[in-house]
Amino acid sequence: MRDTPSYDPAALEAKWQARWAERHTNEPDLDRAARPFYNLMMFPYPSAEGLHVGNMFAFTGADIYGRFKRLQGFDVFEPMGFDAFGIHSENYALSIGTHPAKLIPQNIETFRRQLRRFGGMFDWRHELSTTDPAYYKWTQWLFLQLFKAGLAYKKRAAVNWCPKDKTVLANEQVIDGRCERCGTPVEQRFLDQWFFRITYFAERLLQNLDLLDWSSSTVLLQRNWIGRSEGAELLFETPGGRKITVFTTRPDTVFGATYLVLAPEHPLVEELTAVEQRPAVKAYQREVQSKDVVSRRVGDKTKSGVFLGSYARNPATGEAIPIWTADYVLMDYGTGAIMAVPAHDKRDFEFATQFKLPIRQVIQLEGESLPIVSDDGVLMNSGAFDGLPGREAAGRIVAWLEERGLATPRVQYRLHDWCISRQRYWGPPIPIIYCEKCGAVAVPEKDLPVELPPIEDFRPDDTGVSPLARHEEWYFVKCPQCGGQGRRETDVSDTFLDSSWYHLRYPSTEFHDRPFDQARTKKWLPVTSYIGGNEHAVLHLLYSRFITMVLHELGHVHFDTPFPKFRAHGLIVKDGAKMSKSRGNVVIPDAYIKQWGADTFRMYLMFLGPFQEGGDFRDEGIVGIRRFLDKVWTLVHEAALSPAGSPGNTPSVEHKLHRTIRKVTADTEGLQYNTAIAAMMEYVNALRERGAGNRELLEPLVVMLAPYAPHVAEELWEVLGHDTSVFQARWPAYDERLASAGDVEIAVQVNGKLRSRLTVPRGMAEKDVVARVLADEAVKKFVDGQPVKKVIYVQDRLVNLVV
RNA sequence: GCGACCGUGGCGGAACUGGUAGACGCGCCAGCCUUAGGAGCUGGUGGGGCAACCCGUGGGGGUUCGAGUCCCUCCGGUCGCACCA
């Protein structure tokens, strides 16, 4: 007998990767595919450190799913690209003094090499980078569509300003009042910013969530982010006839409103301030403005504020109540003014206590002391509404005030319009030209892209204006409308705009005269399966949904939901902490792949824990996967050298095979890769106990292994005598009858305690099983002659005798 | 503070609608083979006990013939939001 060659992953993986490239194995025919399956994973930001295990964990999980679908007969399109614009790249480029335009292609080259090496089923013909003018031309086109539809607008707004990165940040990029990237406390600045009117779609974005097949955690994050609140606007009038509108979700507590608070930025503050209070109020406004967003936003026990010296009438009680300004009221939510009900709101309670303002209880709830925040109670001190339950009273009070024109029911969202302006260099310039006569004019679509000039001096300064403004040859242009002197918009757009539509571009990368081809889009979109990290649950995934709704509304795409199916994978941490460069705990996969091979490392990552939960990276168990692959390797080689059909199949090994196929199929479909791998291991152990496998028992195993360990599966498929790729094979089918046949072990309990086990044929009748149970020695001992009061019987599982 | 998820051997983790807790893997122990082994093979491995048995899924309580799974409560952890009226 010839010797089995040894398993040498490095050589074998290089062989198959070369063969896949030569034979275009991973490149479906995008025009003629019969069963299109668009398998998308979140494209990486090509950092200088290269692909880390977190990326590889995510990509492997998504790749396994794509390969599985392929084996089920789908034409799977699995593209890959690079999200290469943005502050990350720019800051890194600044720190090492290299131009990002030089740095990024190098990083991409590294990523590409790593992505090929791990064995992803990527269709490299359709690679894209957001920094490519052929790509961002269409990002700019997208901006123009929104601009023309009135969904992009410019306004002066208080924005989050990072004094270190010298740029504005989106609300989503501010974590605990600090810059997401550098941790510097964020300040308030007032700048002219471009916004997208995402709030216009708030209700639809919320409603649509119910139609999505998404991880429930992701849906919940989006729902909270959109933050829908039902309530009413109430009108408080001053003796001078000024009207102050407040938003409240608790109109049932209006009888307890003992003062009003306006945000310091509220436009009515000035007019409502009494002469003698002016210096104090002005000083307070200045103080608040100079505060950074951290101390402004982080709610703590100590509140600050100033009495304006004037009063307004409570619409319910008719009482005059004092008007204050305080920074615990935010200008960008509701109307920027609140009615304060200290008895029933924690913040108002703290404020009233601190400034000795009246507290009037209007809700009673047993066992609770003020402030009673719950709406479960019953009204008191509320005139005709006394005794009503809070929730019922709310509607009645609004109706009562509405009749007198003092209330309007209203829905409020926490979601803000999306600020897409960035005063930076490394992004797509916003395609607008300012003309003294015509105002803001769209760059004509034929002039796109507005290329990012290759300037050496790309450092941001603290003027609040992008470095692009310093480059006159680029900055000054003719107005496209009147031909007069114009200036370019110098802001670039947010990277989240780049990534909001990349899935539309992938199938159409070879078309240069359109962002996405209609036929291709009809065939491949929406995306069939999307797998990615929950860190993008409220940013990328929300913006993509919004952009898709807009494109649908404008007639550019036939669907309004980009990702009908989304699964969030877990996070790989190291020593209990998120991997990050600053912690110095980033694990780079290259060394592991070099030592063990891509197949072993892929499977190891998937075996670490449930894919959708993630886990802590250690390398202790990796040898277990290698041992498993070695065993499969040996079994297959031995079977290939043995005469056909030897050794013969026994019923028990056939049952095991069919049960294994059933489990691996279900688990792979559900992304439960750790248990699918365990099931294959069990099967291999069973074959080895039996002495050997044969072709009939091993071919299904090799096919099931292929999504997990594609290179070794290809090699073994060849060893088994096939001259086509294993990915042209079909996923094995199982016979439900065979899968559920065979003996089962039944638990035998007396009074709920396990006393014995019984092996019986599956499906044996209850009375026969019980008869055998009663004859069992161990059972007799515990029944001890007492009458059996009750028999609990679960088919094929257990018998419990109650005595 | 609010919301969501989670807590199982020495370790990572299994356990369908409540029904044999600890699958699978790592590690460890013993033996075989070896000049040697960070290789391979065989067997064992939740705790206690010679044993029959008893105890065990963060703590306490409950529902049930039966609870890792359901309910209440407390403790601990992870993530998200955070003065959103």
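Reminder, nothing fancy here: chain letters follow the sequence lines and each chain counts from 1.
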How far does the [atom1] atom of [N] sit from the matching atom of [M], given to the nearest Å?
{"N": "B/rU69", "M": "B/rC6", "atom1": "P", "answer": "13 Å"}
{"N": "B/rG22", "M": "B/rA15", "atom1": "C1'", "answer": "9 Å"}
{"N": "B/rG25", "M": "B/rG9", "atom1": "C1'", "answer": "14 Å"}

Report task. Would you indicate, yes or no, if B/rC55 has its OP1 or OP2 atom less than 4.0 angstrom from a side-chain nitrogen or oxygen of A/Lys753? Result ->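 Yes, within the criterion.
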Query raised in the report: OP1 or OP2 of B/rC79 sitting under 4.0 Å from any side-chain N/O of A/Ser217?
Result: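 Looking at the OP1 and OP2 atoms of B/rC79, neither is under 4.0 Å from any side-chain N or O of A/Ser217.
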Query raised in the report: If you check every side-chain atom of A/Asn674, which of B/rG12, B/rC54, B/rA14 has the closest atom?
Result: B/rA14
Report task. Could you check which of B/rC26, B/rA85, B/rG19 has an atom nearest any side-chain atom of A/Val329? Result -> B/rA85
Query raised in the report: Side-chain donor or acceptor of A/Lys303 under 3.5 Å from a matching atom on the base of B/rC83?
Result: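 It does, because a donor-acceptor pair links the side chain of A/Lys303 to the base of B/rC83 below 3.5 Å.
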Query raised in the report: Can a donor-acceptor pair under 3.5 Å be found between the side-chain atoms of A/Arg797 and the base atoms of B/rC16?
Result: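 Indeed, a donor on one side and an acceptor on the other fall under 3.5 Å apart.
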Query raised in the report: Parallel, tilted or perpendicular for A/Tyr673 and A/Phe611, by the 30°/60° rule?
Result: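 Because their plane-to-plane angle lies in the 30° to 60° range, the rings of A/Tyr673 and A/Phe611 count as tilted.
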**Report entry** Presence of salt bridge, A/Arg223 and A/Asp210, under 4.0 angstrom
**Finding:**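 Answer for the salt bridge query: yes.
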Applying the Watson-Crick and G-U wobble criteria at under 3.5 Å, what pairs with [N]? Answer none if nothing qualifies.
{"N": "B/rC32", "result": "B/rG40"}
{"N": "B/rU78", "result": "B/rA4"}
{"N": "B/rC11", "result": "B/rG25"}

Report task. Give a yes or no on this: more than 12 heavy atoms of other residues, nucleotides or ligands lie within 6.0 Å of atom OH of A/Tyr200. Result -> no
[X] to [Y] six-membered ring, cation-pi geometry met (6.0 Å, 45°):
{"X": "A/Lys574", "Y": "A/Phe617", "result": "no"}
{"X": "A/Arg545", "Y": "A/Trp214", "result": "yes"}
{"X": "A/Arg414", "Y": "A/Trp225", "result": "yes"}

Query raised in the report: Starting at CG of A/Leu221 and ending at C1' of B/rC5, how long is that distance when rounded to a whole Å?
Result: 11 Å
Measure all distances between protein nitrogen or oxygen atoms and nitrogen or oxygen atoms of nucleotides 46-52 of chain B, and list the pairs falling under 3.5 Å.
unit_1, atom_1, unit_2, atom_2, d
B/rA52, O3', A/Lys781, NZ, 3.4
B/rA52, O2', A/Lys781, NZ, 3.2

Report task. Decide, for B/rG9, between syn and anti: a glycosidic angle within 90° of 0 counts as syn, anything else as anti. Result -> syn
Query raised in the report: Is a side-chain donor or acceptor of A/Trp596 paired with a backbone partner of A/Pro9 at a separation under 3.5 angstrom?
Result: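 No, the answer is negative, given that no donor and acceptor are paired below the 3.5 Å cut-off.
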